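Below is one structure; the comments refer to it alone.
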Amino acid sequence: QVQLVESGGGLVQAGGSLRLSCAASGRTFSGGAMGWFRQTPGKEREFVGTIVWNSGSTHYADSVKGRFTISRDNAKKTVYLQMNSLKPEDTAVYYCARSSYGLGHPVLEREYNYWGQGTQVTVSS
């Protein structure tokens, strides 16, 4: 089994920055993609962005494009979400996930096999 552990969440003022980390352990994996989703009470889980593991190619939701950046460290099996120019509407629990699909940029929740426990990001206005 794959275990994913997010860290780096917290409270930040609007306009500030945070960097989230997601460390993978357990079952060895290659290829596929790692993604970030977020969820607030009463709303569906929302796609944030994804990175194809082997190539490093990224894809982002329009709501975060230009503000958030995903990167990964192959050796550490860790993916990062750098969040800049944060807005109150970015407040959510952020989840790291892994997809086994080998092509393209998976954007749907059902395309991901493993999920972390989530980390809370709160942006004050």
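All values below come from the heavy atoms of this structure, side chains included, with hydrogens, waters and symmetry mates left out. Computed from a prediction, not measured in an experiment: that's the story for all the values here.
- Counting only residues at least two apart or on different chains, the salt bridge (Lys or Arg N to Asp or Glu O under 4.0 Å) pairs with a member in residues 30-43 are Arg38-Glu46, Arg38-Asp90.
- In this structure a side-chain-to-backbone donor-acceptor pair under 3.5 Å is missing from Ser85 to Arg67.
- Screening residues 54-66 for salt bridge (Lys or Arg N to Asp or Glu O under 4.0 Å), with sequence neighbours left out, gives Asp62-Lys65.
- Remark: side-chain polar atoms of Thr58 are not paired, donor with acceptor, to backbone N or O of Ile70 under 3.5 angstrom.
- When the side chain to side chain donor-acceptor pair (under 3.5 Å) test is applied to Lys76, no partner is found at least two apart in sequence or on another chain.
- Take Ser99 and apply the side chain to side chain donor-acceptor pair (under 3.5 Å) test, not counting sequence neighbours, and it matches no residue.
- For the residue pair Asn113 and Ser100, a side-chain donor N or O sits within less than 3.5 Å of a side-chain acceptor on the partner.
- Within the 4.5 Å cutoff, the side chain of Leu18 has heavy atoms near those of the Val121 side chain.
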Check: residues 3-17 side-chain donor-acceptor pairs under 3.5 Å, at least two apart:
unit_1, atom_1, unit_2, atom_2, d
Gln3, NE2, Gln1, O, 3.3
Glu6, OE1, Gln117, N, 2.9
Glu6, OE1, Gln117, NE2, 3.4
Glu6, OE1, Gly118, N, 2.9
Glu6, OE2, Cys96, N, 2.7
Glu6, OE2, Gly118, N, 3.3
Ser17, OG, Asn84, OD1, 2.9

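- Remark: Phe37 engages Phe47, Tyr112, Trp115 in a ring pair (Phe, Tyr, Trp, His ring centres under 6.0 Å) (not counting sequence neighbours).
- For the pair Phe68 and Leu20, the minimum side-chain heavy-atom distance is 4.5 Å or more.
- In this structure, the side chain to side chain donor-acceptor pair (under 3.5 Å) partners of Thr122, at least two apart in sequence or on a different chain, are Gln120.
- Listed by chain and residue number, His105 satisfy the side chain to side chain donor-acceptor pair (under 3.5 Å) test with Ser57 (two or more places apart in sequence, or in another chain).
- For Tyr94, the ring pair (Phe, Tyr, Trp, His ring centres under 6.0 Å) test picks out no residue, with sequence neighbours left out.
- The stretch residues 108-125 participates, sequence neighbours left out, in these salt bridge (Lys or Arg N to Asp or Glu O under 4.0 Å) pairs: Arg45-Glu109.
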